[in-house]
Amino acid sequence: MKLIFERSRPGARCELLPPCDVPAAEWTIPLRATPPRLPELSEIDLSRHYTALAKEAHGVNDGFYPLGSCTMKYNPRINEEMAALPGFTGLHPLQPIETVQGALEVLSTAEELFCEITGMDAMSFQPAAGAHGEFTGLLLMKAYHDSRQDTARTKILVPDAAHGTNPASAAMAGYTVVSIPSNEKGCVNLDALRAAVGPDTAGLMLTNPNTVGLFDENILEITQIIHDAGGLCYYDGANLNAVMGIVRPGDMGFDVVHLNLHKTFSTPHGCGGPGAGPVGCREFLAPFLPVDQAVRQGDGFTLEQSMASIGRVKAFYGNFLVVVRALTYLLTLGREGIPEAAKNAVLNANYLMHLLKDRYQMAFTEGVMHEFVITLEEEKKQSGISAMDVAKAMLDYGIHPPTMYFPLIVHEALMVEPTETESRETLEEAAQILHEIIDRAHNEPEALHQSPKRTCIGRPDEVAAARQPRLRYLFPLN
């Protein structure tokens, strides 16, 4: 389709703003010598352009979206309705506290429920995303060690199957990252973990279930090893969707946890936000949480600040309306619905894996939780078809591809997460499509190399797109 600049024609107008009804202000800053080269379109052309763009976008509302470890599940519309209530959207963060009691009750209630789900004692909603929550949680751990003058603890242990943000967050917090290898079962190698811990261990960052979709059966021993060494245990909540309401990170021995509200609690996902990555902790770490904290006081609520706090990690109280959406989801599902959603996520993943395992090689099949990993390493050796080829071919069938080439410990990986919101019929249709793709890999491999063919953009040159991106429109010289 044409770019908006290619649709532009001189003199076309789209007057959407009403006439100014106040005196014009005198400019105190210099204006541009020449006006910006903005596109000129009529209202109907503008509407058609953005409608066409919207039709080319693919989301959960359009079709199957099995993006592994990202939990791209359907977000109920009631969440949006609650977040759009005027009493929430019309708030200002500097209003007098007596006028925002409802908002403070939302934060306090959400904290109570999320702490119950995670086994934590306190929680902050300031972090604006999952990785931001990781960084905040690490700052809590650092503040704790510093408060005890235990400054020799400079290392964070991270399994090699962890999310890529874990080592990055640890490095940003000033720690040295030590990678812990996985064992043959895809979980933490206990011998390597024991060899790595010591008086310089600040803590461990771990996702459980992990990135290959496995719940580590040694989790209690893992957290005990870290605690015996004087370190703290950090739980990456990216995969909590598989176990929420069934097992709690706090009961596994974790001291800090971040939640991805967009992955687990059905708030909008992607596009840079607004998002939320709440951080919860055990009681001994609570004084270090970011300020301010909403607390119940008598018949109402107030905000408290701790002198030991790490300070603010975001302006005011985080992305409040995202928390409203997540709380709506919690209250809608209730105590029975939360674990049911987790069980259905695990059921769907195992069912789809069962439908595919005779045609695709699985990295692991025992103990798979909410997601599974396909490896096309042998397929590529035999037919030349890569994980990229299969993923691109799926686009022609209206399916968003799984996560590609991750986790790094699995070669030619496709990481698939169906989520609990997909029907049996959808999973069976997806399996049938993947069977057809693998047949094509054997019968017409060159055609698969050229996929997709029915999308608005065909197979791009991935290397050129990464190294020489075209980020601006080049106007014709005339």
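Here the structure is a predicted model, which means the values were calculated and not measured. FYI, the numbering just counts along the sequence from 1.
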- Message: Enumerate the salt bridge (Lys or Arg N to Asp or Glu O under 4.0 Å) contacts for residues 74-84, please, sequence neighbours excluded, ordered by first and then second residue.
- Response: E80-R325
- Message: Taking ring-ring contact (aromatic ring centres under 6.0 Å, His included) as the definition, give me every residue that meets it alongside Y351, ordered by chain and number, with sequence neighbours left out.
- Response: none
- Task: Write out all pairs satisfying side-chain hydrogen bond (donor to acceptor under 3.5 Å, both in side chains) with one or both partners inside residues 105-125, taking only residues at least two apart or from two chains.
- Result: E116-R335
- Query: Within a reach of under 6.0 Å around CD of E462, are more than 12 heavy atoms found that belong to other residues, nucleotides or ligands?
  - Reply: yes
- Message: Which residues pass the side-chain hydrogen bond (donor to acceptor under 3.5 Å, both in side chains) test with N348, not counting sequence neighbours?
- Response: none
- Query: Around atom NZ of K142, are there more than 12 heavy atoms of other residues, nucleotides or ligands at under 6.0 Å?
  - Reply: yes
- Check the surroundings of atom CD1 in I457: do more than 12 heavy atoms from other residues, nucleotides or ligands lie under 6.0 Å from it? no
- Does N350 use its side chain to pair, donor to acceptor, with the backbone of V368 at less than 3.5 Å? yes
- Query: Atom CZ of F372 and atom CE of M415: how far apart are they, to the nearest 0.5 Å?
  - Reply: 11.5 Å
- Query: Got a sec: does the CD of Q95 have more than 12 other heavy atoms crowding it under 6.0 Å?
  - Reply: yes
- Task: Could you pull out all residues at least two apart from Y144 that satisfy ring-ring contact (aromatic ring centres under 6.0 Å, His included)?
- Result: F284
- Donor-acceptor pair, H269 side chain versus C70 backbone, under 3.5 Å? yes
- Message: Assess the residue pair D160 and S179 against the criterion (side-chain hydrogen bond (donor to acceptor under 3.5 Å, both in side chains)); give the C-alpha distance rounded to whole Å, side-chain angles, the decisive distance to 0.1 Å, and a yes or no.
- Response: CA-CA 6 Å; D160 59 3; S179 180; 5.3 Å; no
- Query: Stepwise, does the side-chain hydrogen bond (donor to acceptor under 3.5 Å, both in side chains) test hold for E417 with T71?
  - Reply: CA-CA 7 Å; E417 182 178 6; T71 320; 2.9 Å; yes
- Query: What's the spacing between L190 CG and E221 CD if we round to 0.5 Å?
  - Reply: 5.0 Å
- Within 6.0 Å of CD in E283, more than 12 heavy atoms from elsewhere: no
- Task: Take R459 and D389, measure what salt bridge (Lys or Arg N to Asp or Glu O under 4.0 Å) needs, and give me the verdict at the end.
- Result: CA-CA 10 Å; R459 178 78 72 103; D389 292 326; 3.0 Å; yes
- Message: Quick test of your reading: applying ring-ring contact (aromatic ring centres under 6.0 Å, His included), list the pairs with at least one residue in residues 60-104, sequence neighbours left out, ordered by first then second residue.
- Response: H58-Y65, Y65-H400, F88-F320
- Has the side chain of E412 got a donor or acceptor atom that lies under 3.5 Å from a matching backbone atom of A387? yes
- Any idea which heavy atoms bring A238 and H163 closest together, and the distance? CB-CE1, 3.4 Å
- Rounded to the nearest 0.5 Å, how far apart are CG of L376 and CD1 of I438? 6.0 Å
- Message: Surrounding CD of E428 (heavy atoms of other residues, nucleotides or ligands, distance under 6.0 Å), is the total greater than 12?
- Response: yes
- Within 6.0 Å of NZ in K314, more than 12 heavy atoms from elsewhere: yes
